[in-house]
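Below is one structure, written out as structure tokens, with a few remarks after it.
Below, each value reflects all heavy atoms present in this structure, side chains not excepted, and no hydrogens, waters or symmetry copies.
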Amino acid sequence: MPLLPRRHRPPTPAAPPAAAAPAPGGVDGSGRVPDASGGGQEPSRPAGRHAGPATEEGGPRGATGPAAPDLRAEVLAARVERWRPDLVEALAEVYPDPEGLADDLVALAAQRYAERSDELHHLDLRRSLAPDWFQRPEMLGYAAYADRFAGDLAGVAERIDYLRDLGVTYLHLMPLLEPRPGDSDGGYAVQSYRRVRSDLGTTEDLAALTARLRASGISLCLDLVLNHVAREHEWAERARAGDPAYRDYFYVHPDRSVPDAFEQTLPEVFPDFAPGSFSFDADLDGWVMTTFNTFQWDVNWSNPAVLREYADIIMTLANDGVEVFRLDAIAFLWKQLGTTCQNLPQVHALTQALRVLGRIACPAVVFKAEAIVGPDDLPAYLGQGRHHGKVSDLAYHNALMVHVWSMLATKDAGLASRALQRLPATPASTSWVTYARCHDDIGWAIDDADAAAAGLDGHLHRRFLSQFHAGDFPGSWARGLVFQDNPRTGDQRISGSLASLAGLEAGDPHAVDRILAVHAVVLGFGGLPVLWMGDEVGLLNDHDWDADPAHAADNRWVHRPVMPWPVEDPHGLRERLRHLVGVRRDLPHLHAGVPTEVLDPPVSGVFATRRVHPLGAMVMLANVTPEPQWVSRGRLTSLVGGPPVDRITGRALGEGADPGADGDGLALAPYEVLWVCAG
């Protein structure tokens, strides 16, 4: 049962007036969607704000100007006809009046559609004709904090050439929206979704940046925190002021009886500095759910007014040019007594509803699930069962990231191969986000059953990985920091930059090869690869991370250094990475719609995958050890369907000289990665 069993729809005082709701099917008797052209509807924002350039690139044009209102209305009507059934289907899993709520939400989508600029309507058209745009092998992501990368949004715009030279087509700027003052969990305690952080710029600056990025072929990804808002957010302020409609935006209880019952099964996210999942607030005179920090109030998604608020936020930001939304903390959205309140089925219904509204109002937009969950729960965020292909377009491949570091620590690909083989194929219209590092800590999401199948104890292996990557295990070359040590469960996570975790800080002679191997595996696995800022040049841990009092309690800032301009690359990593990106761009096998088959390791120290495209097969072989490894050339020839050629180096893979392989041996140098196709 949900925490708040009420299923009413309270008013939404702060929301703008909605356009008249279309009749079922999305059109009225004349065949038009109300207000599709914007006529008769007063926009809630200045009309010129999203005005696009009066050029051919600014949108489809006739002899006298932009697309005619009748054509815009017809396009919207067609989208509503296509997507409304999926919206009702999703809402029916969560709310008691799906038809009425769908009418309200479609009317809101029509209003935001009418406010969309000609330039963005044109982008919608192009994306509708190429819906696989984010799956293509030329896609490369880059993630950074705007202030640590370039000072502010204007500074980011000045660094676009740096990103383009690297091959970046997708830029994820970490939390840009206005956070609460002081400790804001790195920006994830949002005080306003309608304003940009004042030190970074304004909402107009954000729209200007997205336009410049778009002109350079780069899509902006923005964080949207869905599970909670800051205690200082307007909704929370109104709740604390006694407004019952806004009190119902949160999970509030008069005493500890319900919170105590919930905490029997709720894991602690931050056991070191935010134990428990409820906090007492004197203004509310009650206990409010705070899964993450006491100043982050969980919002009540069983209240449909909350869904409407977030749908409007998404469509408004999309009209500012945001093209990708990272749905932060999405696994936590639904609360049910007796569960962990993570990964519940209603989460996927809510995601489907948000995605459908995006497809109606702004189909150039895609959604990325920030679901850092165990391997069994991970595939659902790209769609399973009735939600197949209907939820997030992108999801983090957390399991791949974890197993890359596990393979390097153990010098063995067995556990990783078994675990990754168990993941079902993703819908062909979606993509994993592959990555070696992100802004967050590394949690060792290794399943006990997978570990047991590899002859390991899951708890002990996770403990080993933390000790190894903290540099506390004999022979370790890693230099990370333990994050959130939980003595009750034994859980430990790790902070640290890619280069420091890979041995560069320790001066390990294999560090550079190890870093390049990690990049090659992430780029060659398939999906949309994303680089964390500085990993392209091997930035090390920032050992002054705690000099800022705001960061002193959170050692994840050790791998969030300030970008040193001009950027130096003493190890030549950037040029070699640019080469990998260029090779990847020309390999159709690495389109995200092509499934990845994780093969049994040919030898224990080699991780192997195969991708079969209509133009042929590609095999990736990755030596995860500091010693040469030998594989069968004949077997490789069979897997790719012809004489094997490494596409990274362009060399034909001739017979080796291993006498034990009867002339069939192919040698992989320490930490060498091959992308092999038939010659």
Side-chain angles (χ1 to χ4, degrees), residues 134 141-150 152-153 156 170-180 183-203 205-207 209-210 213 218-230 233 269 291-293 295-299 309-333 347 350-351 354-355 358 362 365-373 381 392-396 398 433 435 437-441 528 530-533 554 556-557 559-560:
F134 62 91
Y142 193 89
Y145 286 93
D147 54 339
R148 300 181 89 74
F149 178 63
D152 56 17
L153 297 183
V156 173
Y170 160 114
L171 176 62
H172 175 196
L173 293 178
M174 304 303 290
L176 295 178
L177 302 179
E178 184 179 88
R180 71 187 296 269
D183 186 2
S184 64
D185 187 25
Y188 289 97
V190 177
Q191 182 169 330
S192 174
Y193 293 102
R194 309 284 182 173
R195 293 190 296 272
V196 170
R197 273 175 49 185
S198 59
D199 61 317
L200 298 179
T202 65
T203 311
D205 293 330
L206 176 63
L209 174 62
T210 62
L213 289 168
I218 300 174
S219 300
L220 182 72
C221 173
L222 180 142
D223 291 277
L224 186 69
V225 184
L226 296 178
N227 180 69
H228 47 263
V229 297
H233 191 282
V269 175
T291 296
F292 287 77
N293 286 287
F295 51 77
Q296 290 167 297
W297 289 13
D298 290 32
V299 293
E309 293 274 17
Y310 279 101
D312 190 34
I313 289 164
I314 287 170
M315 291 183 285
T316 300
L317 289 168
N319 283 356
D320 284 317
V322 176
E323 297 180 33
V324 185
F325 287 94
R326 176 183 178 271
L327 305 179
D328 182 75
I330 189 174
F332 297 84
L333 293 196
V347 169
L350 292 167
T351 310
L354 292 173
R355 180 179 181 269
C362 45
V365 165
V366 297
F367 294 98
K368 177 172 66 172
E370 191 263 337
I372 310 303
V373 298
Y381 288 89
S392 295
D393 306 283
L394 298 162
Y396 285 100
N398 179 59
V433 170
Y435 63 108
R437 285 301 287 118
C438 65
H439 75 290
D440 225 336
D441 56 278
L528 196 167
V530 176
L531 305 171
W532 178 245
M533 185 198 83
D554 186 348
R556 290 175 297 180
W557 289 98
H559 56 259
R560 303 168 182 172

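- You'll find the side chain of Phe325 stays beyond 4.5 Å of the side chain of Leu354, heavy atoms only.
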Go through His172 and Asp223 one step at a time and tell me if the side chain to side chain contact (heavy atoms under 4.5 Å, CB included) criterion holds.
CA-CA 8 Å; His172 175 196; Asp223 291 277; 2.9 Å; yes
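- Side-chain contact check for Leu222 versus Leu177: some heavy-atom pair is nearer than 4.5 Å.
- Separating the CD1 atom in Ile314 from the CD atom in Glu309 is a distance of 12.0 Å, to the nearest 0.5 Å.
- In terms of heavy atoms, Val190 sits closest to Val225 at CG2-CG2, 3.9 Å.
- At least one side-chain heavy atom of Asp320 sits less than 4.5 Å from a side-chain heavy atom of Leu317.
- Side-chain atoms of Asp205 and Thr202 include a donor-acceptor pair closer than 3.5 Å.
- Looking at heavy atoms from C-beta onward, Asp183 lies out of side-chain contact with Asp554 at the 4.5 angstrom threshold.
- To the nearest 0.5 Å, atom OG of residue Ser392 and atom CD1 of residue Ile330 are 4.5 Å apart.
- Ring orientation note: the planes of Phe292 and Phe332 are nearly perpendicular, at an angle over 60° on the 30°/60° scale.
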Take Asp312 and Arg194, measure what side chain to side chain contact (heavy atoms under 4.5 Å, CB included) needs, and give me the verdict at the end.
CA-CA 10 Å; Asp312 190 34; Arg194 309 284 182 173; 3.0 Å; yes
Walk me through it: do Val156 and Leu209 pass the test side chain to side chain contact (heavy atoms under 4.5 Å, CB included)?
CA-CA 8 Å; Val156 173; Leu209 174 62; 4.1 Å; yes
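- Listed by chain and residue number, Arg127, Trp133, Glu323 satisfy the side-chain contact (heavy atoms from CB on, under 4.5 Å) test with Ser219 (two or more places apart in sequence, or in another chain).
- Across every non-hydrogen atom of Trp532 and Ala143, the tightest pair is CE3-O, 3.3 Å.
- For the atom pair CG of Leu531 and CZ of Arg437, the computed distance is 13.0 Å after rounding to the nearest 0.5 Å.
- Trp557 approaches Gly186 most closely through the heavy-atom pair CZ2-CA, 4.2 Å.
- When only modelled atom types and interatomic distance are considered, His559 and Asp441 share no side-chain donor-acceptor pair under 3.5 Å.
- Across Val365 and Ala318, no two heavy atoms sit closer than the pair CG2-CB, 3.7 Å.
- Within the 4.5 Å cutoff, the side chain of Leu176 has heavy atoms near those of the Leu153 side chain.
- Taken from CG in Leu224 to CD in Glu370, the straight-line distance is 11.5 Å, to the nearest 0.5 Å.
- Applying the side chain to side chain contact (heavy atoms under 4.5 Å, CB included) test between His228 and each of Asp298, Asn293, Val299, Thr291 identifies Asp298 as the sole match.
- Ala369 and Tyr396 make their closest contact through O-CD1, 3.4 Å (heavy atoms, listed as atom of the first residue, atom of the second, distance).
- Here the CG-CG distance, from Leu333 to Leu327, works out to 8.5 Å after rounding to the nearest 0.5 Å.
- In this structure, the side chains of Lys368 and Phe134 stay at 4.5 Å or more apart for every pair of heavy atoms.
- When side chains are defined from C-beta on, Asp147 counts as touching Leu200, because their heavy atoms get closer than 4.5 Å.
- Listed by chain and residue number, Tyr435 satisfy the side-chain hydrogen bond (donor to acceptor under 3.5 Å, both in side chains) test with Asn398 (two or more places apart in sequence, or in another chain).
- With contacts defined as side-chain heavy-atom distances shorter than 4.5 Å, the pair Arg326/Leu394 does not qualify.
- Residues passing the side-chain contact (heavy atoms from CB on, under 4.5 Å) test with His233, sequence neighbours excluded: Tyr193, Val229, Trp235.
- The pair Asp185-Arg180 does not meet the salt-bridge criterion, since no charged nitrogen lies less than 4.0 angstrom from a carboxylate oxygen.
- Tyr145 and His439 have perpendicular rings, their planes meeting at more than 60° on a 0 to 90° scale where under 30° would count as parallel.
- Put simply, CG on Leu226 and CD1 on Ile313 are 9.0 Å apart, with the number rounded to the nearest 0.5 Å.
- Across all their heavy atoms, Tyr170 and Ile218 have their closest contact at N-CG2, 3.9 Å.
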Run the side chain to side chain contact (heavy atoms under 4.5 Å, CB included) check on Arg556 and Asp440 step by step: do they pass?
CA-CA 6 Å; Arg556 290 175 297 180; Asp440 225 336; 2.7 Å; yes
